[in-house]
Amino acid sequence: MVAAAVIIALICALVVALAVIATVKAVRTVKRGVDQAVTQARRTVEDTRLKARQFTQAGPVGEVAELRLSLRTSMRATQEVLREGRKDDASLTESLALFDRLSAHGRELDDDLRKLETEPDRERLAACLPDLRERTKQITHSADSLRFAAQDRARQFSGDELSLLSEQIRMETGALRHWESDDAGAGEESKGAEAGGGEAKGAEAKAAESKGAAAKAERPAISGRDASRQWGYTWEKVKRPESPA
């Protein structure tokens, strides 16, 4: 009885532990989904605000909003391409590591730009714009280069795989239609046989013509006059019969 009670207690404890683990995993999954949704919502709101400020406020303030929007759009697009591409291409891990280092500079620049959005001194803001513009250009150019290279690599691999697949399909379709090659071979053989038979018939016809020519050469030519009635040529005098004395 004691052993049975211990086994039951262990089973109950195991069930409770599994339930707790499942609950924790479910809570983490839900929390992760909520965090992603909140992050996406904040990102959408921030991008919408920057677009509105870009088009509604001219001068340095509008340019700062434009720089922030350009930086965020380029970095986000590159991050998505590299993360999705790494699932199928492990060589993009190093590219993603370089992008993480670039992201540190991008976040620092974005913080500087966000602080300048509320800068009341327009002259100081205008003086800071050339440096901010150059930094934004360098970071976005580097991010775009990584993204374009990853996209070109994926497109090249896809093209090579498609070419190989097309060749394999061509070979498979040829194997499935094996009777066409057999019919083609039989046709070639029949054409060869017909050609051989034609040559044989031609040779027989030529032999028959040769035999006929030989037979004609052996027979004398038929003349228009009978040899027994031949009187000679026209310039020879005809011997008349003697008259009776």
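One is the number of the first residue; the rest follow in order along the sequence.
- The pair Glu117-Arg114 does not count as a salt bridge, with every side-chain nitrogen at least 4.0 angstrom from each carboxylate oxygen.
- For Asp88, there are no salt bridge (Lys or Arg N to Asp or Glu O under 4.0 Å) partners at least two apart in sequence or on another chain.
- Residues Ile139 and Val81 are members of separate hydrophobic clusters, defined by side-chain heavy-atom contacts under 4.5 angstrom among Ile, Leu, Val, Met, Phe, Trp and Tyr.
- You'll find the side chain of Ile169 reaches within 4.5 Å of the side chain of Thr173, heavy atoms only.
- Under the side-chain hydrogen bond (donor to acceptor under 3.5 Å, both in side chains) criterion, Arg147 pairs with Thr78, Asp144, sequence neighbours left out.
- Here the NZ-CG distance, from Lys115 to Asp110, works out to 11.0 Å after rounding to the nearest 0.5 Å.
- Formation of a donor-acceptor pair under 3.5 Å by the Ser74 side chain with backbone atoms of Leu71 is not found in this model.
- Residue Glu134 places its CD atom among more than 12 non-hydrogen atoms of other residues, nucleotides or ligands, all under 6.0 Å distant.
- The 12-atom threshold is not exceeded at CZ of Arg124, counting heavy atoms of other residues, nucleotides or ligands nearer than 6.0 Å.
- Atom CG of residue Leu67 and atom CZ of residue Arg135 lie 11.0 Å apart, to the nearest 0.5 angstrom.
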### Task
Using the side-chain hydrogen bond (donor to acceptor under 3.5 Å, both in side chains) rule, take Asp152 and Gln156 through it: C-alpha gap first, then chi angles, then the decisive distance, then the call.
CA-CA 6 Å; Asp152 293 342; Gln156 180 65 33; over 6 Å; no

### Query
Going through the distances and angles, do Arg68 and Thr136 end up as a side-chain hydrogen bond (donor to acceptor under 3.5 Å, both in side chains)?
CA-CA 8 Å; Arg68 283 197 68 193; Thr136 304; over 6 Å; no

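- Side chain of Ser142 to main chain of Gln138: a donor-acceptor pair is present (N/O by atom type, distance under 3.5 Å, no hydrogens or angles).
- Taking all atoms of both residues into account, the shortest heavy-atom contact from Gly85 to Leu92 is C-CD1, 3.5 Å.
- At most 12 heavy atoms of other shown residues, nucleotides or ligands fall within 6.0 angstrom of atom CD in Glu161.
- Residues Val15 and Ile7 share a single hydrophobic cluster, defined by chaining ILVMFWY side chains whose heavy atoms lie under 4.5 Å apart.
- For the pair Met75 and Arg107, the minimum side-chain heavy-atom distance is 4.5 Å or more.
- Under 4.0 Å is where a charged nitrogen must lie from a carboxylate oxygen, and between Glu84 and Lys87 at least one such pair does.
- Closest approach of Pro130 and Ala127 over heavy atoms only: CD-O, 3.4 Å.
- Atom-to-atom distance recorded for Leu165:CG and Asp160:CG is 12.5 Å, nearest 0.5 angstrom.
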Side-chain polar contacts of residues 94-105 - donor-acceptor pairs under 3.5 angstrom, sequence neighbours left out - could you list them?
unit_1	atom_1	unit_2	atom_2	d
Ser103	OG	Phe99	O	2.8

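- Shortest non-hydrogen contact noted between Leu116 and Cys128 is CD1-CB, 4.2 Å.
- Within the 3.5 Å criterion, the main-chain N or O of Glu66 finds no donor-acceptor partner in the side chain of Ser70.
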